[in-house]
Amino acid sequence: MDIGDLDYRVRTQSGCIPPHLVSRLLELGHAEEVELWAGRGEWFCAQGWARLLAGQGREEQALEVFAPYAATGWWTAVRTTAELLESWGRADEAIALSRSRMEAGHPQALEFHARLLARHGRGDEAFSLLRPHVQDWPIAAALTDVADSAGRDDEAAALLAAQIPDEHRCDGPWCCRGLDPDMAIGLLATIRERQGRVDDAIALLRTRDKTSLNNRDQLADLLARQDRIEELHAYAATEPFGIAARRLAELLEERDDVEGAITVYRQADDTSFCPGHVAVDLAQLLARHGRVEEAIEVMCALADAPGGAEDWIVHMLCTLYTDQGRPQDGLAYLDALKARRGEEEWELFWIRLPLMAACDRVDEAVEQARTHPEGDTRYAVSHVARLLAGDGRLEEAVAALKLHSPANSHDLAGYLIDLGRVEQAVAVLHQHRPQPPAPSTGPWHDTPPF
């Protein structure tokens, strides 16, 4: 096995049997095929087969499945093996395995090893390993977590505070490498909250240039955890992306104050830089509480606003219609939208296909899709195949997709598996087995363009 080839195929899920198809093979009783390919370099098959063995109490056999992969030193296999050992209560073996990769210099092994140590009562050792590398963001995050179990919060706080310059704040994503000041502030605030110094944590977070990450807002989450409702109300009124408003609305909904949550969203809709996202959050809230007509009104108003008829917004509106058993109303909306715009590009056209299928108009939907100007593209054919498969016409779905193989190899292989033609499915998946890109030989740049 070649580490570069394994890693590339697993990261891109190309030229291999992907995890969702491994699950389908097992569900349909093709465990022997999964076992076979687990021994032929198919990592996701190895995972599925090992999990099956582990569930039957066959621990050593499960480890044997991973052994040839881990023997290459490939971190993904080493980590997975260590996690399996830990789940069986064999933490010492897991620690020894992760230490071997850490000592070999693998960049991700240090964080994993330290967290593993901390989970098993060796927090001081973990902290000492991480401390010299606090300038790296993943290591600093691990050190923040490990400090809790090690009882070394004050020491971690001092290390993080030293990474926060008095004046400098990053003005772009490429300003500081590693642990930038905003990240350090966020981690330090986590420690201060854990120490009960909530006011200090809040004051720290208010100094950050960016409080949101991955669609969450650390300050809003802290205020919610600490039940600082009035402060969260005030923050939600000024936070421009609507993320704090969502956290406040979530908190109110958890407390059965649905009307209060609705009011929060309606107020945020007037001030947010992202009113579309706020309106969608409101519609989802209304739908969760059985007020689907109101949700539809919200989505119609959003879609009918200037520039509002984006595909994801129209799709959600039509999904609400479908969930209400009203696909005809969804089609009527799409017809009106098409009349206003004078065209219907594929991004909006495909939304009508499941609506037509729900109205028992599958053949008409297939015909319209095929005659659309983009109907012969690989993405359009994928929708056609889904219509046919949903109507129980798997052979026709396979025939449609074969014309675009290997572009739609996952879809085609899935339908072949459903038909019991596993060998053909695997052949389709292996039809295009890309090689990892060659390492760049040009100069290295730390500013765009890279």
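Starting from 1, each residue takes its place in the sequence as its number. Hydrogens, waters and symmetry mates are skipped; everything else that's a heavy atom, side chains included, is used.
The ring-ring contact (aromatic ring centres under 6.0 Å, His included) analysis of residues 200-226, with sequence neighbours excluded, yields no pairs.
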- Message: side chain to side chain contact (heavy atoms under 4.5 Å, CB included), that's the test. Do Met316 and Gln284 meet it? Break it down for me.
- Response: CA-CA 9 Å; Met316 181 176 172; Gln284 290 173 332; 3.2 Å; yes
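Taking Trp49 as the reference, nothing meets the ring pair (Phe, Tyr, Trp, His ring centres under 6.0 Å) condition, with sequence neighbours excluded. When the side-chain hydrogen bond (donor to acceptor under 3.5 Å, both in side chains) test is applied to Asp281, the partners found at least two apart in sequence or on another chain are Arg246. For the side-chain hydrogen bond (donor to acceptor under 3.5 Å, both in side chains) test, residues two or more places apart in sequence or in another chain that qualify with Trp312 are Glu310. Residues satisfying the ring pair (Phe, Tyr, Trp, His ring centres under 6.0 Å) criterion with Trp75, sequence neighbours excluded, are His106, Phe112. By the ring pair (Phe, Tyr, Trp, His ring centres under 6.0 Å) test, His430 is found to be paired with Trp37, residues two or more places apart in sequence or in another chain being considered.
For Arg24 (side chain) and Gly414 (main-chain N/O), a donor-acceptor pair under 3.5 Å exists by modelled atom type. Judged purely by atom type and a 3.5 angstrom limit, Asp136 has no side-chain atom pairing as donor or acceptor with the backbone of Ile139. Using a distance-only test at 3.5 Å, with no hydrogens or angles considered, no donor-acceptor pair links the side chain of Asp7 to the main chain of Trp74. Between the side chain of Glu42 and the backbone N or O of Cys45, no donor-acceptor pair lies under 3.5 Å. Looking at Ser87, its side chain does come within 3.5 Å of a backbone N or O of Leu84 through a donor-acceptor pair. Thr190 places a side-chain N or O within donor-acceptor distance of the main-chain N or O of Gly186, the cut-off being under 3.5 Å.
No salt bridge links Arg192 with Asp199; every basic N to acidic carboxylate O contact stays at or beyond 4.0 Å. A salt bridge links Asp153 to Arg194: at least one charged side-chain nitrogen sits closer than 4.0 Å to a carboxylate oxygen.
Taking the six-membered ring where tryptophan is involved, the planes of His410 and His20 are tilted, since the angle between them lies from 30° to 60°.
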